[in-house]
2 protein chains.
Amino acid sequence: MTEIPHILVVDDHREIRDAVSRYLEKNGLRATAARDAVEMDAKLAAGRFDLIVLDIMMPGEDGLSVCRRLSAAGGPPILMLTALGEETDRIVGLEIGADDYLPKPFNPRELLARIKAILRRTDTTEATPGELAGKRVAFGDWVLDADNRRLTSADGAVETLTTADFRLLTAFLQRPRVVLSRDELLDLTAGRSPHLFDRTIDNQVSRLRRKIEADPSRPKLITTVRGGGYCLSADVRELAG
Amino acid sequence: MTEIPHILVVDDHREIRDAVSRYLEKNGLRATAARDAVEMDAKLAAGRFDLIVLDIMMPGEDGLSVCRRLSAAGGPPILMLTALGEETDRIVGLEIGADDYLPKPFNPRELLARIKAILRRTDTTEATPGELAGKRVAFGDWVLDADNRRLTSADGAVETLTTADFRLLTAFLQRPRVVLSRDELLDLTAGRSPHLFDRTIDNQVSRLRRKIEADPSRPKLITTVRGGGYCLSADVRELAG
DNA sequence: CGCGGTTGTTTCGTTTCGATACCAAGCATA
DNA sequence: TATGCTTGGTATCGAAACGAAACAACCGCG
């Protein structure tokens with residue numbers, strides 16, 4: 001794993017959330033916090049995560065439900081934080097698809113150790129991000145062949161994408177018509193946080209536009225949202241293999 | 001690299017059976033479930049198992065009897081699940097030939113730990129050169145015959161592989177669609193660590209591509225992931241030997 | 001001993017991508 | 001409209017990654 005693993009910490013107590021996030025970042029991980037299931041879903045939609053630390057007791061949709069939902073959808077691995085008690089242990093571990101769990105109150109070192117253990121197990125560093133492996137996806141006038149990273153236009157033109165092009169494009173394709181900030185895009189494509197005055201995404205967008213826009217100076221597919229980021233302004237449909 | 005251990009889970013409660021199986025599979029094991037002694041015998045006859053998780057309380061032939069029978073026949077090691085507090089059962093179980101036991105309700109992590117402990121004790125890993133000795137494997141347009149290290153293409157073309165080609169290819173075939181770093185590949189093929197400016201893997205990939213890619217300058221099967229490594233971008237299916 | 005084939009190493013040219021810089025376009029305010 | 005500030009677009013450059021040719025070392029084999 002060349003990239004720094006990104007952990008999503010979901011807990012309704014601010015102190016725990018912040019403390020855990022800080023501890024993880026101190027120990028070489030990236031951490032993002034969410035207060036509840038709703039906020040979690042938003043973060044999940046916007047970014048790439050390698051593991052979720054999930055509190056079982058939450059207002060709104062509770063941890064068990066969230067866990068079942070995510071695990072059924074094949075999301076990232078989950079480490080559950082459970083209240084101390086005999087019965088929950090069994091239910092949590094067995095009936096839900098958690099990868100591990102930890103009874104509260106816990107030792108942060110142990111949390112870190114378990115997180116690393118799960119990351120070690122589940123490190124598969126996918127080649128093609130998300131669900132696109134082997135598929136073909138149409139948007140605008142283009143068809144993307146995810147396997148050989150090639151674009152074919154309606155009029156027969158062919159563009160080959162570099163790795164960076166491809167990652168950026170797939171990030172958009174998985175979230176069409178959604179405004180993605182530069183930070184989110186950087187996370188999705190390079191898995192890192194921006195440093196000051198980071199224009200990397202601007203550059204990559206510019207390069208991608210040169211390949212896919214009919215008139216790159218008047219972009220229609222990847223539109224700029226001033227102060228917000230970029231957005232794929234086209235519908236996306238999946239084609240068979 | 002050894003094979004993934006295969007666990008047979010025998011319990012008459014469907015929820016427990018399924019939950020345990022899922023949990024084991026999430027943690028890097030293979031799991032198969034059986035409802036009772038009869039089904040267990042059928043699975044045992046059909047496949048190879050490294051360990052049996054056996055519930056003591058079952059309709060039909062009960063766990064103690066099964067345990068006695070299997071262990072006398074020199075079957076795989078057994079981990080018994082006992083109801084809480086039935087001390088006699090545990091003792092009897094161990095006397096009868098179980099390798100370990102766990103009282104219900106149990107902590108799934110503890111179950112996993114005990115399973116791994118037993119597997120470690122009873123590890124009889126033979127030095128199998130990979131997992132595809134004697135098998136035939138299909139990927140892309142090719143079929144690899146592992147015995148004589150020959151590739152046959154869908155259109156009838158035949159390529160013979162050198163040992164280095166073969167090792168590299170099998171490394172990929174065992175982890176399709178996963179990005180493998182140069183270090184990992186070097187470890188898998190040559191069993192050594194890279195020294196500075198080591199381009200060995202690049203070369204071997206280049207050579208292998210010349211043999212298996214339709215257009216080596218536009219690789220489709222073994223794709224490079226800049227900054228990451230290489231990846232077999234094709235599905236792999238095993239054919240009968 | 002020579003020979004052909006295989007494999008590791010070096011090297012060079014190309015591609016790719018991030019950083020920087022500069023310019024243009026938006027936006028507010030007067 | 002003029003002015004100044006902010007934000008986005010892209011040309012350019014250099015560093016790093018990559019592909020492959022060329023070379024050298026090695027290995028078995030007759």
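Below, chain A is the first sequence line, B the second, and so on; all start at residue 1.
- The side-chain heavy atoms of B:V225 and B:Y230, taken from C-beta on, include no pair separated by under 4.5 Å.
- Straight-line distance from the CG atom of B:L196 to the C1' atom of C:dG8: 15 Å, rounded to whole Å.
- Around NZ of B:K26, the count of heavy atoms belonging to other residues, nucleotides or ligands within 6.0 Å exceeds 12.
- For B:R210, whose side chain is taken as the heavy atoms from C-beta onward, the closest listed nucleotide among D:dA21, C:dC17, C:dT7 is D:dA21.
- A salt bridge links A:D41 to A:R69: one of the charged nitrogens lies within less than 4.0 Å of a carboxylate oxygen.
- Checked against C:dC17, D:dG19, C:dT7, the side chain of B:R209 finds its nearest nucleotide in D:dG19.
- Side-chain nitrogen and oxygen atoms of A:T162 include at least one within less than 4.0 Å of the OP1 or OP2 phosphate oxygen of C:dC17.
- No hydrogens or angles considered: nothing links the side chains of A:T163 and A:R167 as a donor-acceptor pair under 3.5 Å.
- Between B:E159 atom CD and C:dG5 atom C1' there is a gap of 15 Å when expressed in whole angstrom units.
- When A:I212, A:T152, A:L169 are each tested for a side chain to side chain contact (heavy atoms under 4.5 Å, CB included) with A:W142, only one passes: A:I212.
- Contact annotation: A:H195 reaches the phosphate of C:dA19 (side-chain N/O to OP1 or OP2, under 4.0 Å).
- Mapping B:F197 and A:T163 onto DNA chain C by nearest heavy atom places B:F197 closer to the 5' end of the strand.
- More than 12 heavy atoms of other residues, nucleotides or ligands sit less than 6.0 Å from atom CZ of A:R177.
- Donor-acceptor pairing under 3.5 Å is recorded for the side chains of A:T224 and A:R209.
- Spacing between atom CG of A:L168 and atom C1' of C:dG18 amounts to 14 Å, rounded to whole angstrom units.
- For the pair A:D198 CG and D:dT7 C1', the computed distance is 15 Å after rounding to whole Å.
- Residues B:R182 and B:D198 are not paired through a salt bridge, judged by the lack of any N-O separation under 4.0 Å between the basic side chain and the carboxylate.
- Computed from coordinates, the A:D183 CG to D:dG8 P distance equals 12 Å when rounded to whole Å.
- Note on B:R167: nothing from the nucleic acid sits closer than 4.0 angstrom, heavy atoms only.
- Distances shorter than 4.0 Å separate none of the side-chain N or O atoms of A:T224 from OP1 or OP2 on D:dT7.
- Side-chain N/O atoms of B:N203 and base N/O atoms of D:dA21 include a donor-acceptor pair closer than 3.5 Å.
- Backbone-only contact: A:R182 has heavy atoms under 4.0 Å from sugar-phosphate atoms and none from a base.
- For D:dG19, one of the phosphate oxygens OP1 or OP2 lies less than 4.0 angstrom from a side-chain nitrogen or oxygen of B:Y230.
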Distances for protein N or O near nucleotides 23-26 of chain C N or O, under 3.5 Å:
none

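- With hydrogens and angles ignored, no donor-acceptor pair under 3.5 angstrom links the side chain of B:R207 to the base of D:dG19.
- Residue B:T160 is the one, among B:T160 and B:R192, whose nearest nucleotide of DNA chain C lies closer to the 5' end (criterion: closest heavy atom).
- The CD1 atom of B:I201 sits 15 Å away from the P atom of C:dT10 (whole-angstrom rounding).
- When the C1' atom of C:dT7 is taken as reference, atom CZ of B:F166 falls 17 Å away, rounded to whole Å.
- The listed nucleotides are D:dC18, D:dG8, C:dT7; the one nearest the side chain of B:D202 is D:dC18.
- At whole-Å resolution of the value, CG in B:L186 and P in C:dT7 are 14 Å apart.
- Residue A:Q204 has no polar side-chain atom (N or O) positioned under 4.0 Å from OP1 or OP2 of C:dC17.
- Salt bridge present: A:D50 and A:R48 bring a charged side-chain N and a carboxylate O closer than 4.0 Å.
- Checking C:dC17, C:dG18, C:dT9 against the side-chain heavy atoms of A:T200 singles out C:dG18 as nearest.
- Across all strands shown, B:R199 has heavy atoms under 4.0 Å from base atoms, whether or not it also approaches the sugar-phosphate.
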